2 protein chains.
Amino acid sequence: MVTLSDVAKKANVSKMTVSRVINHPEQVTDELKLLVFKAMKELNYRPNVAAKALARNRTQIIKLFILEEMSTVEPYYMSLLTGIARELEKRQYSLQLVTQHNFDIGGCDGYIITGMRDQDYEWIGRLEKPVVLFGENHYGYDFIDTDNQKGIKMATKYMLDRDYQQIIFIGIDLNEPFEYSREAGYLQVMQQVQKTPQIIRVSNHSHSAEKIIGKNWRKFPGNTGFVCASDRLALGVERAVMKQQGKVPEEYGIIGHDGVFLDQVADPRLTTIRQDVTKMGEACAKMVLRKIEQVGAPQGERLFVPTLVARETTR
Amino acid sequence: MVTLSDVAKKANVSKMTVSRVINHPEQVTDELKLLVFKAMKELNYRPNVAAKALARNRTQIIKLFILEEMSTVEPYYMSLLTGIARELEKRQYSLQLVTQHNFDIGGCDGYIITGMRDQDYEWIGRLEKPVVLFGENHYGYDFIDTDNQKGIKMATKYMLDRDYQQIIFIGIDLNEPFEYSREAGYLQVMQQVQKTPQIIRVSNHSHSAEKIIGKNWRKFPGNTGFVCASDRLALGVERAVMKQQGKVPEEYGIIGHDGVFLDQVADPRLTTIRQDVTKMGEACAKMVLRKIEQVGAPQGERLFVPTLVARETTR
DNA sequence: GTTTGATCTGTTACCGCTATCAAAATAAAA
DNA sequence: TTTTATTTTGATAGCGGTAACAGATCAAAC
């Protein structure tokens, strides 16, 4: 195994200089830097993460809490993980996945938390290492999220553009900020165009949406657009419409939200508000690492603007 | 931070004794063990993973390679991850997720690899640390998998039990062992009951299955059972049947395979061969850790028997 | 009561890296 | 040129564990 000392010897400098080239390059002359880089490359030097962690009194570990039940877990967590993992690896950090069933012990340098419900904020506030949330909140915690409001605004406007007359929002029956933001987006656009909004809230399962749409079918005369708070709901709505022999997209438009996995499985394929979840994952990792560097300084929020992917459920 | 020394002082023993209590308890008298445990508890001692790793020349890191494209990635990888993470954490290991886009550098103590295709085995063979595969293979690598053959056998038999006359296997158009095993399971049962088997292979997308079933609809008279190699395919088959006004499950039976996520999204809900992917994840982790302990000794294979979950697509 | 052997516990020396401070080299001011 | 300030580099001492060996303890055998 190639160590710092090996590189140091080869470059005719001290260990410390090599260490500095890696961690504080601004403190080293360009001349020496060059020598050291050359030696590192020639020896194919790989720093020993454990040694670094020990010396700096760090763990080089970030914990990811996924607080939702894994059975209901959205497939997009996989993309989130990919993004986080990619960024952490670049910076020589490891990941530890924490779910309901292993609320645990070992130390870490920071946390990324997602799937929070209101009651979680209390213990989150007591965590002693930097925390970044994936998902908006109103408690002042730093977070990354998609721009929920803008996303649904886009969807609603798109429905209007495509000339659907009656536009209905199918929301998730949950008192969480992301849902409020989405509804707000819908309401704002409806207000702008002076149409009466209509919101139906159901639990986030395709069957719930399907059922409620079926039951209230007579209220949806044709030319109706359904803006849905998730692709799951959109999938359920789509099925309900199809079963009622409603024509998609001619008579009924459907727009989902998320654009990860489910939208492609649907038939016709869902028009959806797509989020780049992987990129958001990277952003979570970057933010928590920056926060660690800055000894816990607040990082604020970062919203990612989603894109509307037009497919087969809108005309 | 509480260290070994703190515990040692409190228990009036040396650091080494404490270390032994943790790593080689059989070498310590019960008397001392009790003292040490008490001290550990009272001080709430948490071992420093980095220090341990450094001293033992280990990384305490396991890398998980997911070789499939993340866009097509099955949601069940999330369950796999959960299982792996849970087990690793118990043993003070961290996880590093490696995908197409960060084929990387840093060291590790072992690998778990999944989503391999034939051409991958070459470089896998060159890895210098213990490897465990998730997914059967014929190259002698240690692996964990679901019992593909038995699963499809169960499905096929179940179709027969439910008195579907013509039973068709919808397979994945891929030259991989798991597919062969599934087909073998189907073929064996068909042979036993002296029925002519019929296999249709398509790429693993719901739309592919839907299309091919639609196109060949006249070949499926009613009283037909479709045994599918994945829930995705089953979903497509289900849609095709519904579109042709076929009655599910009265006239047409459908059984999927995997039982993670998609089966619940379908409507009617899919009868499926369910795997406990989380448990298999745990098994992967256990196996690779054992292999590390045993300096790379072969561990063989371990097949998990899946269960048939009867729902709404079989009568 | 020694001696011997086995079992248990403690001492020492690292593992590879970084913070801290001291020393050397360089630049600026006197 | 000498003095002083500044920048750059090096020596040292851990970080918290573990392996390897040395020393102590204890029981059985002489």
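Because the structure is a prediction, the values reported are computed rather than measured. Proteins get letters first, then strands, A, B, ... in listed order; numbering begins at 1 in each.
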Taking five pairs at each end of the helix from C/dG1-D/dC30 to C/dA30-D/dT1, what angle separates the two helix axes (nearest 10°)?
50°

Set of residues satisfying salt bridge (Lys or Arg N to Asp or Glu O under 4.0 Å) with respect to A/Arg56, sequence neighbours excluded
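With sequence neighbours excluded, A/Arg56 shows a salt bridge (Lys or Arg N to Asp or Glu O under 4.0 Å) to no residue whatsoever.
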
With sequence neighbours excluded, what pairs up with B/Glu31 under the salt bridge (Lys or Arg N to Asp or Glu O under 4.0 Å) test?
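Checked B/Glu31 against salt bridge (Lys or Arg N to Asp or Glu O under 4.0 Å); zero matches.
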
Could you state the [atom1]-[atom2] distance from [X] to [N], rounded to the nearest angstrom?
X       : N      : atom1 : atom2 : result
B/Arg56 : D/dA20 : CZ    : C1'   : 15 Å
B/Asn57 : C/dG16 : CG    : P     : 6 Å
A/Lys52 : C/dC15 : NZ    : C1'   : 17 Å
B/Gln60 : D/dG17 : CD    : C1'   : 11 Å
A/Leu4  : D/dC15 : CG    : P     : 19 Å
A/Leu54 : C/dG16 : CG    : P     : 12 Å
B/Arg58 : C/dC14 : CZ    : P     : 21 Å
B/Lys9  : C/dT9  : NZ    : P     : 20 Å

Please tabulate, for the side chains in residues 37-45 of chain A, all donor-acceptor contacts under 3.5 angstrom to protein atoms that are two or more places apart in sequence or on a different chain.
from    : atom 1 : to      : atom 2 : distance (Å)
A/Glu42 : OE1    : A/Lys10 : NZ     : 3.4
A/Asn44 : OD1    : A/Arg46 : NH2    : 2.8

In a table with atom names and distances, give each donor-acceptor pair under 3.5 Å that connects a side chain of residues 284-291 of chain A to protein atoms at least two apart or in another chain.
from     : atom 1 : to       : atom 2 : distance (Å)
A/Arg290 : NH1    : A/Gln299 : OE1    : 2.8
A/Lys291 : NZ     : A/Val131 : O      : 2.9
A/Lys291 : NZ     : A/Asp142 : OD2    : 2.8

Is any side-chain nitrogen or oxygen of B/His24 closer than 4.0 Å to OP1 or OP2 of C/dC8?
no

With sugar-phosphate taken as primed atoms, P, OP1 and OP2 and all else as base, the protein-contact string of nucleotides 4-13 of chain D at under 4.0 Å (heavy atoms; B, S, -) is ----SBBB--

Proximity to the side chain of B/Asn23 - top-ranked nucleotide from D/dC15, D/dT18, C/dT18
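The listed nucleotide nearest to B/Asn23's side chain is D/dT18.
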
Mind checking side-chain hydrogen bond (donor to acceptor under 3.5 Å, both in side chains) for A/Thr59 and listing every partner two or more places apart, or none if nothing turns up?
A/Asp109

Identify whether any heavy atom of A/Asn48 sits under 4.0 Å from a base atom; if not, whether one sits that close to sugar-phosphate; answer base, sugar-phosphate or nothing.
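Sugar-phosphate, backbone atoms only, no base.
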
Please list all pairs meeting salt bridge (charged side-chain N to carboxylate O under 4.0 Å, His left out) that have one or both residues in residues 18-27 of chain A, counting only residues at least two apart or in different chains.
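For residues 18-27 of chain A, and leaving out neighbouring residues, there are no salt bridge (charged side-chain N to carboxylate O under 4.0 Å, His left out) pairs at all.
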
Who pairs with B/Asn57 by side-chain contact (heavy atoms from CB on, under 4.5 Å), at least two apart in sequence or on another chain?
A/Met1

Between A/Tyr111 and A/Phe65, how do the two ring planes meet: parallel, tilted or perpendicular, split at 30° and 60°?
tilted

Can B/Glu136 and B/Ser181 be counted as having a side-chain donor-acceptor contact under 3.5 angstrom?
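Checked: B/Glu136/B/Ser181 side chains pair up, N/O donor to acceptor below 3.5 Å.
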
